[in-house]
Amino acid sequence: MRIIVAITGASGAIYGITLLEQLRLLHIETHFIYSPWGVKTIALETGLTLDQATTLSSYCYPASDLTAPVASGSFLHQGMVVAPCSMKTLAAIACGLADNLITRAADVTIKERRPLILMVRETPLSAIHLENMLKLARLGVTILPPVPAFYHRPQTIQHLVDQTVGRALDLLGITHNLGVRWGEKNH
Ligand SMILES: Cc1cc2nc3c(=O)[nH]c(=O)nc-3n(C[C@H](O)[C@H](O)[C@H](O)COP(=O)(O)O)c2cc1C
């Protein structure tokens with residue numbers, strides 16, 4: 001199994017990092033794409049260097065590298081997750097503006113009808129943001145904002161993050177032990 005993971009410059013780099021960590025634990029091949037602002041938020045919010053983040057993945061590419069295999073529809077994979085997804089990257093994907101490797105891989109994922117999950121992060125949301133999300137949702141893209149639930153009484157930030165990352169793994173059909181499901185015991 002192969003999954004593409006992209007980290008853009010929205011707040012919440014920990015979501016993409018946690019996703020890479022989990023996929024690594026599950027021995028799933030990952031293709032990690034990072035934007036320049038994604039690298040900045042990884043450093044600001046997690047303290048990880050780019051080298052430390054990329055070692056979590058099987059393969060990694062800067063968003064500027066449009067020659068990477070993931071830029072082509074001939075590259076077979078089982079899904080792409082943008083976590084977190086900035087409003088800028090959301091807008092580019094919604095317009096088919098494939099000007100970097102993240103937006104190109106997303107464009108290709110849509111045209112090849114493979115799962116695409118966008119962990120969009122901004123607040124409040126403008127009508128522009130909402131229209132872009134609606135347009136993509138109607139095309140079958142999953143809009144998965146990292147909105148926490150509290151019914152499992154999370155004790156740490158990582159518990160909150162795990163729950164959203166677990167939902168992304170569920171959507172990709174990947175079995176995992178992250179987070180607590182409704183009706184199961186609390187942390
Ligand atoms: C610390 C920091 C936090 C940011 N948080 C957000 C955010 O939550 N949502 C968002 O849409 N943009 C956010 N931005 C702005 C984006 O980084 C900016 O729009 C950038 O052009 C996104 O480019 P990218 O999608 O190619 O990474 C943030 C920027 C910085 C420096």
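As the structure is a computational prediction, the values presented were derived from the model and not from experiment. Indexing begins at 1, ligand by ligand and atom by atom, following the structure's order. Quick note: residue numbers are just sequence positions, from 1.
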Look only at interatomic distance and state if [X] has a nitrogen or oxygen under 3.5 Å from any nitrogen or oxygen of ligand 1.
X: S11; result: yes
X: N100; result: no
X: K88; result: yes
X: M87; result: yes
X: E45; result: no

(message) Need the ligand 1 atom indices (1-based, order shown) with element for anything under 4.0 Å from a heavy-atom of T89.
(response) 24 (P), 25 (O), 26 (O)
(request) Run the ring-centre check on Y61 versus Y59 and record whether the distance is less than 6.0 Å. (result) no
Considering non-hydrogen atoms only, spot the tightest contact between [X] and [Y] and give its length.
X: P148; Y: L160; value: CB-CD2, 3.5 Å
X: M80; Y: V82; value: CE-CG2, 3.9 Å
X: L101; Y: P62; value: CD2-O, 3.9 Å
X: T103; Y: N100; value: N-OD1, 2.9 Å
X: I143; Y: A137; value: CG1-CB, 4.2 Å

(request) May I ask you to check if R2 and F75 form a cation-pi contact, with NZ or CZ under 6.0 angstrom from the six-membered ring centre and within 45° of the axis? (result) yes
(request) State, yes or no, whether a side-chain contact exists between K111 and V108 at a heavy-atom distance under 4.5 Å. (result) yes
(message) If you define the side chain from C-beta out and look only at heavy atoms, does anything of V141 sit under 4.5 Å from K135?
(response) no
For [atom], closest protein heavy-atom neighbour:
atom: atom 22 (C) of ligand 1; value: S86 OG, 3.6 Å
atom: atom 20 (C) of ligand 1; value: W37 CD1, 3.9 Å
atom: atom 2 (C) of ligand 1; value: T41 CG2, 4.0 Å
atom: atom 1 (C) of ligand 1; value: L44 CD1, 3.8 Å
atom: atom 8 (O) of ligand 1; value: R121 NH1, 2.8 Å
atom: atom 3 (C) of ligand 1; value: G9 O, 4.0 Å
atom: atom 27 (O) of ligand 1; value: S35 OG, 2.6 Å

(request) Take atom 10 (C) of ligand 1 and look for protein heavy atoms under 4.0 Å from it; say yes if you find one, no if not. (result) yes
